[in-house]
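Heads up, the thing below is written out as structure tokens.
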Number of protein chains: 2
Amino acid sequence: MSSIRPAETFPANTPAASQIFTTVLSHGPLTRLEVARRAGLSPAAVTKAVRPLIEAGYLVEDADDQARPALGRPANPVRVDGGRALFIGVKVTGDEIIGVLTDLCCRVRVARHTPLPDREPKSVLASVTELVGELLAEAGDLRIPVLGLGIAVSGDVDRGAGVVRYSPFLQWRDVPLAELAGATTGLPVTVDNDVRALTVAEQWFGAGVGLSDFAVVTVGAGIGCGLVVHGRVVSGAHGVAGEIGHVTVDPSGPPCHCGNRGCVEAIAGDAAIVRRIRETTGAEVRDTAEAVELARRGVPGVREAYARAGEAIGRGIATVANLLGPERVIISGEGLAAHDLFAEQIRDAFAAAAFGSADRCDVQTRPLPFEEWARGAAATAIQSFIRADDQR
Amino acid sequence: MSSIRPAETFPANTPAASQIFTTVLSHGPLTRLEVARRAGLSPAAVTKAVRPLIEAGYLVEDADDQARPALGRPANPVRVDGGRALFIGVKVTGDEIIGVLTDLCCRVRVARHTPLPDREPKSVLASVTELVGELLAEAGDLRIPVLGLGIAVSGDVDRGAGVVRYSPFLQWRDVPLAELAGATTGLPVTVDNDVRALTVAEQWFGAGVGLSDFAVVTVGAGIGCGLVVHGRVVSGAHGVAGEIGHVTVDPSGPPCHCGNRGCVEAIAGDAAIVRRIRETTGAEVRDTAEAVELARRGVPGVREAYARAGEAIGRGIATVANLLGPERVIISGEGLAAHDLFAEQIRDAFAAAAFGSADRCDVQTRPLPFEEWARGAAATAIQSFIRADDQR
DNA sequence: TTCTTTTATTGACGACGGAAAATAAGGGCT
DNA sequence: AGCCCTTATTTTCCGTCGTCAATAAAAGAA
């Protein structure tokens, strides 16, 4: 029924091979010896696993002859050939969809977005199909095959089954998106939660490379959190995890749409900040951009709203750090546009609420280009393609 | 120097073998076919791995001929022979040490405790050595070899290195306890954090059997939490994790020794409850036992302190559930003696603060016999003996 | 008895990855 | 140029593990 083309398959049958590939993918050009060391394998095993990958064109020997040690046989590093294959990532938001065409190294080649007429699965699917079609055309111009499609959706998503169980934002329930999109695009489709997708991108290509325990916190309309523990993204027993947005920081705080009071999101979410500014200053603020504008102009009371938000976020992050002891927390999201307005409060609140050696955790902020969410989706597609059933 | 006897070694060289053994250990008698199904192996592999384990006496065929299906060749279940080997677990608290002698199935055979003269590593080591000596004598009477010693200590413990990095309670820093105890007892020693040890016991022999994601919350003098994610106990990048006791539930709450206000422990720890009762009722309460007594007698204001504690614990658990989405949370600890006084509040607060499907998490309470902490230590020794480098 | 059904075992086989030795590829030295 | 030294990579050989397919075993059913 669904005419998914039996797309090119990745020649890494053995766990060692896929582990080697992901090591090279994440850690740039590496000599075979170095790969062996990092992957805990013998050099011989690396040579053997690398050969078919080079033959298939996924890896290339890097003729980069700089900074070579004076002694001994020159090393012959290998790296992933990003131009060998392309992937498409799509992020579905409430009112638009963002799509990117990336290469195998998850570098964005083309980014597009289209508004969404409505949130019905049918129309969303049609828009996605159209956008993917455009990106496929671009890929055709480049004469590089597209080997997978990743779709990121907020809410409870069962990646294994390819089903969106429940997305409050889109008001979807049990939509078999992977199957549907597979049928219309002819590509192998991976569907995952948006924050988890972003976390995968950080884990493989970003600030989480090489770490087995870290967290990604997204600040924006909502406050989300992706967790990596023991080298694997946490999905939770019931498909939901990382709900830092509904961690209570002040039981007497403002009411949250979840029914409680003083959730992180009820204080530091975009809408909460704007509402707070309206309430305390009486100013006519419509959206975040205006709020940031006012704050930068030094309108009294506005910075205070941001300070409060920063404190809430810092406390939320400290909670994560106290419970999981991650090595690093990466703060990202659209909300970072206001970074300078609450960075200090985040740090202070974190330092104050982190217990014991949890404060050794490295908290960093990372700007998030608008297409980053879609890039995360592409990362999940790459991950599925490599079928890395291994951790780390 | 250290005369660690080259104790009997476990004949499970291959990962498959140790996985098979742990499966049988946790899931009681199983037919080989069933083991194969659960461990994801072929029946042939099970047969081959089981043979040497039976020959060495660790597994026995269970002649339990009940409830056999009428058809086909009768199944021949295998189970672990608990009496094949013994292990010793020791829990070091501030003023006493508790030791247990358990069998290979972690069933307690003998339990002992001794007061501790002081907290110097030297005297603690001497007391531990003496207690272990007594238990070894008991084991000698039974004519069963003791194959390992587990020691549980609160604080930051590096299990791999066998070093207590920092224990605020004992005021220890970088004490190489495994090496020291190994030298005085002649046993292979495993040292781990006390809450993690308890968690290991639950994972292998308790309410966490078969679950890949769950949490253990201990209520008592402190509030602790052990986490299992992806089938493995979480240790945190810096050796500390599960600090649920210092999750803030009320920023305007009572001050905590950690420097913040309104931590779970500052509201629901033993000392906090007692202090609260004294403050609100003026009653002369010295310890928890008296507090419980007053509450049961219905003294006004006392139940309220417990209700407050229950609410704090419930919120803390909800935070864990929101962040990690565990399948189950097991509440335990000495504090459960007052279980009837706050169980309801825990449940209510949890249900209110759990977001989305996090409330599908199964929250259960489990009474904790006084020697349970020591049994956890024994479980870590058993785990080390089996050297299960595999997860699940 | 003979067949059926289910569980356990056996033996051949293939694949994976390790160890060690061989080879490759410089650069410096004489 | 020829030799030596060092380090990277490859080759060859080999053990191990686990699967597959066939077979044995142990009952009840026909």
Side-chain angles (χ1 to χ4, degrees), chain A residues 10-24 27-55 59-79 387-390 392, chain B residues 10-24 27-55 59-79 387-390 392:
Chain A
F10 188 64
N13 331 310
T14 108
S18 88
Q19 200 196 345
I20 287 169
F21 188 79
T22 49
T23 302
V24 176
H27 295 87
L30 289 176
T31 71
R32 292 170 174 76
L33 213 56
E34 187 63 15
V35 173
R37 230 183 30 76
R38 300 210 194 206
L41 296 168
S42 70
V46 176
T47 292
K48 280 185 274 200
V50 159
R51 199 191 331 272
L53 290 169
I54 288 187
E55 273 165 13
L59 293 180
V60 290
E61 300 210 319
D62 202 11
D64 177 19
D65 281 345
Q66 67 193 359
R68 170 193 304 166
L71 223 52
R73 172 177 175 170
N76 211 349
V78 279
R79 64 177 173 79
R387 164 160 70 290
D389 301 318
D390 59 321
R392 160 144 274 215
Chain B
F10 188 64
N13 332 309
T14 110
S18 87
Q19 200 195 345
I20 287 169
F21 187 78
T22 49
T23 303
V24 176
H27 295 87
L30 290 175
T31 71
R32 292 169 174 75
L33 214 57
E34 185 64 14
V35 173
R37 230 181 31 75
R38 300 210 194 205
L41 297 168
S42 70
V46 176
T47 291
K48 278 186 267 202
V50 159
R51 197 190 335 270
L53 289 170
I54 287 186
E55 274 165 13
L59 294 181
V60 290
E61 301 210 317
D62 203 11
D64 177 19
D65 281 346
Q66 68 194 358
R68 170 193 306 166
L71 221 51
R73 173 175 174 171
N76 212 347
V78 193
R79 64 177 171 79
R387 169 164 48 292
D389 299 318
D390 59 320
R392 162 138 271 218

Which part of the nucleic acid does B:Thr31 contact within heavy-atom distance under 4.0 Å: base, sugar-phosphate only, or nothing? sugar-phosphate
Can you measure B:Leu59 atom CG to C:dA8 atom C1' for me and round it to whole angstrom units? 15 Å
Testing D:dA26, C:dT7, C:dG18 for proximity to the side chain of B:Pro74, the answer is D:dA26
Return the NZ to OG1 distance between A:Lys48 and A:Thr14, rounded to the nearest 0.5 Å. 11.0 Å
OG1 (A:Thr31) and CD (A:Glu61) are apart, to the nearest 0.5 Å, by 11.5 Å
In whole angstrom, what separates A:Arg37's CZ from D:dT7's P? 15 Å
Among the nucleotides C:dA8, D:dA26, D:dA8, whichever has the atom closest to the side chain of B:Asn76 is C:dA8
Does A:Arg51 have a side-chain nitrogen or oxygen under 4.0 Å from the phosphate oxygens OP1 or OP2 of D:dT11? yes
Rounded to whole Å, please give me the gap between CG in B:Leu33 and C1' in C:dT5. 13 Å
Any donor-acceptor pair under 3.5 Å joining the side chain of B:Arg73 to the base of C:dT7? yes
Angle separating the five-pair end axes of the helix from C:dT1-D:dA30 to C:dT30-D:dA1, nearest 10°, is 30°
Students often get this wrong, so: under 4.0 angstrom with heavy atoms, is B:Thr14 touching a base, only sugar-phosphate, or nothing? sugar-phosphate
Between CG of A:Leu71 and C1' of D:dC4 the distance, given in whole Å, is 11 Å
Nearest to the side chain of B:Ala44, which nucleotide is it out of D:dT19, C:dG26, D:dG18? D:dT19
Side-chain donor/acceptor contact of B:Lys48 with base of D:dT19 under 3.5 Å: yes
The side chain of A:Thr47 lies closest to which of these nucleotides: D:dT10, D:dA26, C:dG18? D:dT10
Return the CG to CZ distance between B:Leu30 and B:Arg37, rounded to the nearest 0.5 Å. 9.5 Å
Where B:Ile20 and B:Ala45 come nearest, the two heavy atoms and their spacing: CD1-O, 4.3 Å
For B:Pro11, check side-chain contact (heavy atoms from CB on, under 4.5 Å) against everything at least two apart and list the hits. B:Leu53, B:Ala56, B:Tyr58
Can you see which heavy atom on A:Arg387 is nearest to which on A:Ser18, and at what distance? O-OG, 4.3 Å
Provide, to the nearest angstrom, the distance between the CZ atom belonging to B:Arg32 and the C1' atom belonging to D:dA24. 14 Å
Which part of the nucleic acid does B:Ala16 contact within heavy-atom distance under 4.0 Å: base, sugar-phosphate only, or nothing? sugar-phosphate
Give a yes or no on whether a salt bridge exists between A:Arg51 and A:Glu55, defined as a side-chain N under 4.0 angstrom from a carboxylate O. no
Between D:dC17 (P) and B:Leu41 (CG): distance, integer Å: 13 Å
Considering all heavy atoms, the nearest A:Val24-A:Val78 contact: CG1-O, 3.7 Å
Nucleotide nearest A:Asn13 (side chain, heavy atoms from C-beta), chosen from C:dC16, C:dG11, D:dT10: C:dC16
Nearest-angstrom distance from the residue atom CD1 of B:Ile20 to C1' of D:dC17: 11 Å
